[in-house]
Amino acid sequence: MQHFPLTMRAHILVRVLTQGRGIYVDMTAGNGNDSLVMAKLLQHDGHLYAFDVQQEALDNTLALLTENNIDEKSYSLRLDSHENIDQYIKMPITAAMYNLGYLPNGDKALTTRSDSTVASLKKVLPRLKNGGIITIIAYPGHDGGEEYYAVDNYLSGLPAREYEISRTEMLGKMFSPVLYLIIKR
Ligand SMILES: C[S@@+](CC[C@H](N)C(=O)[O-])C[C@H]1O[C@@H](n2cnc3c(N)ncnc32)[C@H](O)[C@@H]1O
């Protein structure tokens, strides 16, 4: 049976809509899969930042990037919450990826939270360059959907003249994850 998960769709969006120049950000590094996709796209002037609150996640991300021979000068891993992104990145952002929730097979208590996720979005959105993108995978089935509803409400209130926002979900699947794509016009 063919399966085309939302994570893979997010990777395709980043590949198709950006050219590897400028600043890329993995807002939730986890096991590094999103970081690897962005790191492979980078051209000479591109740089990847990856954030996570768990050292284990950054270790996993470093291992994956190293295994794939990614130049260590092209990325910076930050053990910090993504809501502090403004302390590290001052330049315009080309792409930011979120995969919300917890580390697969990890401690479910160390999950993203609605307050810090929305706080980080409020910092990333004004830094997006024209044509820059954000992808977010959110999980209505986690913790009663609190974080999902907070993200959905926040995105729904953004001005359509500034941001083109779409959402993808699997029909017929209870608590399907949702993939958002935000493009700065
Ligand atoms: C679903 S996983 C990410 C999967 C990852 N993108 C990948 O490709 O493997 C979610 C990650 O978010 C991290 N996280 C939780 N709260 C965070 C925060 N405030 N800032 C940054 N990362 C956070 C968790 O530690 C976890 O590793």
Side-chain angles (χ1 to χ4, degrees), residues 3-15 18 23-42 47-68 70 74-89 93-125 127 133-152 154-155 168-170 175-182:
H3 183 45
F4 186 16
L6 296 182
T7 46
M8 201 185 286
R9 291 170 198 240
H11 295 165
I12 289 172
L13 292 171
V14 171
R15 287 198 195 103
T18 70
I23 302 300
Y24 284 68
V25 193
D26 189 340
M27 302 295 286
T28 53
N31 288 322
N33 299 298
D34 298 332
S35 283
L36 180 60
V37 167
M38 292 189 274
K40 283 184 170 171
L41 272 179
L42 295 179
H47 195 82
L48 168 73
Y49 289 84
F51 290 87
D52 207 291
V53 290
Q54 295 189 67
Q55 185 61 50
E56 184 189 350
L58 295 185
D59 292 346
N60 295 348
T61 299
L62 178 62
L64 190 66
L65 295 175
T66 307
E67 267 166 38
N68 283 274
I70 303 295
S74 70
Y75 59 85
S76 308
L77 308 182
R78 297 285 176 246
L79 181 63
D80 201 348
S81 170
H82 44 219
E83 72 196 298
N84 297 322
I85 183 170
D86 53 325
Q87 294 176 17
Y88 304 94
I89 301 175
I93 293 172
T94 300
M97 300 186 77
Y98 293 79
N99 186 351
L100 302 176
Y102 40 83
L103 199 56
N105 305 318
D107 183 348
K108 290 189 179 175
L110 295 170
T111 185
T112 53
R113 294 193 333 269
S114 49
D115 53 352
S116 43
T117 299
V118 172
S120 72
L121 278 168
K122 287 180 179 171
K123 291 180 175 175
V124 174
L125 282 160
R127 285 180 170 75
I133 69 166
I134 302 175
T135 65
I136 306 171
I137 298 179
Y139 296 86
H142 287 190
D143 297 328
E146 193 211 324
E147 184 183 31
Y148 156 72
Y149 284 115
V151 169
D152 196 86
Y154 178 65
L155 296 181
T168 304
E169 61 197 290
M170 301 296 182
F175 298 128
S176 165
V178 177
L179 167 63
Y180 297 93
L181 169 65
I182 302 153

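Worth knowing before you read on, the calculation uses all heavy atoms, side chains too, and leaves out hydrogens, waters and symmetry mates. All figures in this text were calculated on a predicted structure; none of them were measured in a lab. Just so you know, ligand 1 is whichever comes first in the structure, and atom 1 is the first atom listed for that ligand.
- For the pair H82 and ligand 1, the shortest N or O to N or O distance falls below 3.5 Å.
- With a 4.5 Å cut-off on side-chain heavy atoms, Y98 and T135 do not count as touching.
- The side-chain heavy atoms of E147 and Y149, taken from C-beta on, include no pair separated by under 4.5 Å.
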Trace of the side-chain contact (heavy atoms from CB on, under 4.5 Å) decision for L77 with T61:
CA-CA 8 Å; L77 308 182; T61 299; 4.1 Å; yes
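- A 6.0 Å sphere centred on CG of D143 holds no more than 12 heavy atoms belonging to other residues, nucleotides or ligands.
- Between N99 and ligand 1, not a single N/O pair is under 3.5 Å apart.
- Atoms of ligand 1 found under 4.0 Å from any heavy atom of V53, numbered from 1 in the order shown, are 14 (N), 15 (C), 16 (N), 17 (C), 18 (C), 19 (N), 20 (N), 22 (N), 23 (C), 25 (O).
- In T112, the parts holding a heavy atom less than 4.0 Å from any atom of ligand 1 are both the side chain and the backbone.
- Set against the non-hydrogen atoms of N31, the atoms of ligand 1 under 4.0 Å away are 5 (C), 7 (C), 9 (O).
- With contacts defined as side-chain heavy-atom distances shorter than 4.5 Å, the pair M97/M27 does not qualify.
- Residues T168 and L181 are not in side-chain contact: their nearest non-hydrogen atoms beyond the backbone lie 4.5 Å or more apart.
- Proximity of A29 to ligand 1 is established by a heavy-atom distance of less than 4.0 Å.
- Looking at Y139 and N99, their side chains do bring a donor and an acceptor atom within 3.5 Å of each other.
- Taking a cut-off of under 4.0 Å to the non-hydrogen atoms of D34, the atoms of ligand 1 that pass are 6 (N), 8 (O).
- Around the CG atom of N105, the shell of radius 6.0 Å holds no more than 12 heavy atoms that belong to other residues, nucleotides or ligands.
- When heavy-atom distances to ligand 1 are checked against a 4.0 Å cut-off, T117 has no atom that comes that close, whether in backbone or side chain.
- Per-residue contacts place G101 under 4.0 angstrom from the following atoms of ligand 1 (heavy atoms of the residue considered): 10 (C), 12 (O).
- Contact of the L103 side chain with the L110 side chain is not registered, since no non-hydrogen atoms from C-beta on lie closer than 4.5 Å.
- With a heavy-atom cut-off of 4.0 Å, T111 touches ligand 1 through its backbone alone.
- In this structure, of D52, T28, V37, the residue bringing a heavy atom nearest to atom 26 (C) of ligand 1 is D52.
- The aromatic rings of H142 and Y102 lie parallel to each other, their planes meeting at an angle below 30°, with 60° marking the opposite boundary.
- Counting the atoms of ligand 1 from 1 in the order shown, those under 4.0 Å from a heavy atom of L110 are 15 (C), 24 (C), 25 (O).
- Contact annotation: M27 has at least one heavy atom less than 4.0 Å from an atom of ligand 1.
- Among protein heavy atoms, atom 19 (N) of ligand 1 sits closest to S81 OG, 3.0 Å.
- Heavy-atom contacts of L103 reach the following atoms of ligand 1: 26 (C), 27 (O) (cutoff under 4.0 Å).
- For ligand 1, one of its N or O atoms has an N or O atom of N33 under 3.5 Å away.
- Using a 4.5 Å cut-off on side-chain heavy atoms (C-beta onward), Y148 and T117 make no contact.
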Take D80 and Y88 through the side chain to side chain donor-acceptor pair (under 3.5 Å) test and state the conclusion after the steps.
CA-CA 10 Å; D80 201 348; Y88 304 94; 2.7 Å; yes
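- Using a 4.0 Å cut-off to heavy atoms of L100, the atoms of ligand 1 that qualify are 1 (C).
- Close approach to G32 involves these atoms of ligand 1, each under 4.0 Å from a residue heavy atom: 7 (C), 9 (O).
- The shortest contact between atom 2 (S) of ligand 1 and any protein heavy atom is with Y102 O, 3.5 Å.
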